[in-house]
Participant: 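My structure is below; once you've seen it, I'll send some questions.
Given the structure is predicted, the values throughout are model-derived calculations rather than measurements.
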Amino acid sequence: QVQLVESGGGLVQAGGSLRLSCAASGRTFSSYNMGWFRQAPGKEREFVAVIRGGLGMTNYADSVKGRFTVSRTNAKNTVYLQMNSLNAEDTAVYYCAANQDPGVWPVRDVADFKSWGQGTQVTVST
């Protein structure tokens, strides 16, 4: 089981930016596919972005493409989500998650991620 801890959430005005971080345990972090998901009140958890283990390929939900960027620093066991041009629809609890099967790509389903962080709240004010 991979331990994940998110940070960086907060309150931001519409049009602003935030960067989320997720610190992970595990000696083989570089091989994990690392995903970001979000869940708004009353809604199901949804895929936001994922970065592949090893090759570093990325994949995004259409709703965030061009605004959000996922990246990783394997030496620090950390994955990031840079969020720009935020709007009210981006308000949610954001979770990072680990998938330990780098042979599967792209991986976007909640069920394919077995390790989850506790989440960090992002609130966009209008």
Side-chain angles (χ1 to χ4, degrees):
Q1 192 81 2
V2 180
Q3 304 300 316
L4 303 171
V5 179
E6 302 98 334
S7 61
L11 175 64
V12 63
Q13 289 188 335
S17 299
L18 279 176
R19 188 176 83 154
L20 305 183
S21 300
C22 173
S25 65
R27 296 183 178 180
T28 57
F29 170 80
S30 62
S31 69
Y32 304 160
N33 296 322
M34 295 299 299
W36 286 98
F37 293 78
R38 66 187 181 186
Q39 188 166 17
K43 295 187 176 182
E44 293 186 354
R45 192 168 298 188
E46 65 174 4
F47 168 77
V48 173
V50 63
I51 185 165
R52 191 171 189 178
L55 299 177
M57 298 165 62
T58 59
N59 190 273
Y60 296 93
D62 288 344
S63 59
V64 306
K65 200 172 294 183
R67 300 188 298 122
F68 290 12
T69 302
V70 59
S71 61
R72 65 195 300 162
T73 301
N74 290 330
K76 295 184 177 181
N77 276 22
T78 301
V79 62
Y80 306 96
L81 185 68
Q82 177 67 44
M83 305 185 295
N84 299 328
S85 302
L86 286 161
N87 57 58
E89 287 70 38
D90 297 316
T91 294
V93 178
Y94 283 72
Y95 299 88
C96 72
N99 166 279
Q100 296 174 263
D101 185 3
V104 177
W105 185 260
V107 55
R108 297 164 56 112
D109 290 338
V110 170
D112 290 327
F113 290 80
K114 306 307 181 186
S115 298
W116 293 83
Q118 81 289 352
T120 186
Q121 176 70 47
V122 172
T123 303
V124 183
S125 64
T126 57

Participant: Can you tell me how far the OG1 atom of Thr123 sits from the CG atom of Asp90, to the nearest 0.5 Å?
Facilitator: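 The distance works out to 11.0 Å.
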
Participant: By the rule that ILVMFWY residues connect when side-chain heavy atoms come within less than 4.5 angstrom, directly or transitively, which residues belong alongside Tyr80?
Facilitator: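 Tyr80 shares its hydrophobic cluster with no other residue.
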
Participant: Could you tell me which residues satisfy side-chain hydrogen bond (donor to acceptor under 3.5 Å, both in side chains) with Arg19, sequence neighbours excluded, listed by chain and number?
Facilitator: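 Result, side-chain hydrogen bond (donor to acceptor under 3.5 Å, both in side chains) vs Arg19: none returned.
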
Participant: Can you list the residues that meet the side-chain contact (heavy atoms from CB on, under 4.5 Å) rule with Ser85, with sequence neighbours excluded?
Facilitator: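 Counting only residues at least two positions away or on another chain, Ser85 forms a side-chain contact (heavy atoms from CB on, under 4.5 Å) with Arg67.
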
Participant: Has Ser25 got a side-chain atom pairing as donor or acceptor with Gln3's backbone, closer than 3.5 angstrom?
Facilitator: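 Such a contact is found between Ser25 side chain and Gln3 backbone.
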
Participant: If a pair satisfies disulfide (SG to SG under 2.5 Å) and one of its residues is in residues 65-112, list it, with sequence neighbours excluded.
Facilitator: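 Only Cys22-Cys96 qualify under disulfide (SG to SG under 2.5 Å).
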
Participant: Would Thr91 and Glu89 count as having a side-chain donor-acceptor pair, cut-off 3.5 Å?
Facilitator: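 The answer is no; no qualifying pair exists.
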
Participant: Search all heavy atoms of Ala40 against all heavy atoms of Ala92 and return the closest pair with its distance.
Facilitator: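 Of all heavy-atom pairs spanning Ala40 and Ala92, the closest is N-CB, 3.8 Å.
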
Participant: Could you tell me which residues satisfy ring-ring contact (aromatic ring centres under 6.0 Å, His included) with Phe37, sequence neighbours excluded, listed by chain and number?
Facilitator: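 By the ring-ring contact (aromatic ring centres under 6.0 Å, His included) rule, Phe37 matches Phe47, Phe113, Trp116.
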
Participant: According to side-chain hydrogen bond (donor to acceptor under 3.5 Å, both in side chains), does anything in residues 96-108 pair up with another residue at least two apart or in another chain? List the pairs.
Facilitator: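 Non-adjacent pairs meeting side-chain hydrogen bond (donor to acceptor under 3.5 Å, both in side chains): Asn33-Asn99, Asn59-Arg108.
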
Participant: Considering residues at least two apart in sequence or located in another chain, which fulfil the side-chain hydrogen bond (donor to acceptor under 3.5 Å, both in side chains) criterion with Asp109?
Facilitator: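 If we apply the side-chain hydrogen bond (donor to acceptor under 3.5 Å, both in side chains) test to Asp109, skipping adjacent residues, there are no hits.
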
Participant: Taking salt bridge (Lys or Arg N to Asp or Glu O under 4.0 Å) as the cut-off, I'd like each qualifying pair that reaches into residues 43-60, sequence neighbours left out, listed once.
Facilitator: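 Residue pairs with at least one partner in residues 43-60: Arg38-Glu46.
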
Participant: When Ile, Leu, Val, Met, Phe, Trp and Tyr are grouped by side-chain heavy atoms lying under 4.5 Å apart, directly or through other members, which residues fall in the same group as Leu86?
Facilitator: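 Other cluster members: Val2, Leu4, Val12, Leu18, Leu20, Phe29, Tyr32, Met34, Trp36, Val48, Ile51, Tyr60, Val64, Phe68, Val70, Val79, Leu81, Met83, Tyr94, Val122, Val124.
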
Participant: Among all residues two or more places apart in sequence or in another chain, which pass the side-chain contact (heavy atoms from CB on, under 4.5 Å) test with Gln13?
Facilitator: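 Once residues adjacent in sequence are excluded, the partners of Gln13 under the side-chain contact (heavy atoms from CB on, under 4.5 Å) criterion are Ser125.
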
Participant: Considering non-hydrogen atoms only, spot the tightest contact between Thr78 and Lys76 and give its length.
Facilitator: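 Where Thr78 meets Lys76 most closely, the heavy atoms are OG1-O, 2.8 Å.
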
Participant: Can you see which heavy atom on Glu6 is nearest to which on Gly117, and at what distance?
Facilitator: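 Result for this residue pair: OE2-CA, 3.3 Å.
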
Participant: Quick one: which residue pairs count as a disulfide (SG to SG under 2.5 Å) with a foot in residues 34-81, not counting sequence neighbours?
Facilitator: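 Matches after skipping sequence neighbours: none remain.
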
Participant: In the hydrophobic cluster built from side-chain contacts under 4.5 Å, what are the other members alongside Val5?
Facilitator: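 Once heavy-atom contacts under 4.5 Å are chained together, Val5 still belongs with nothing else.
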
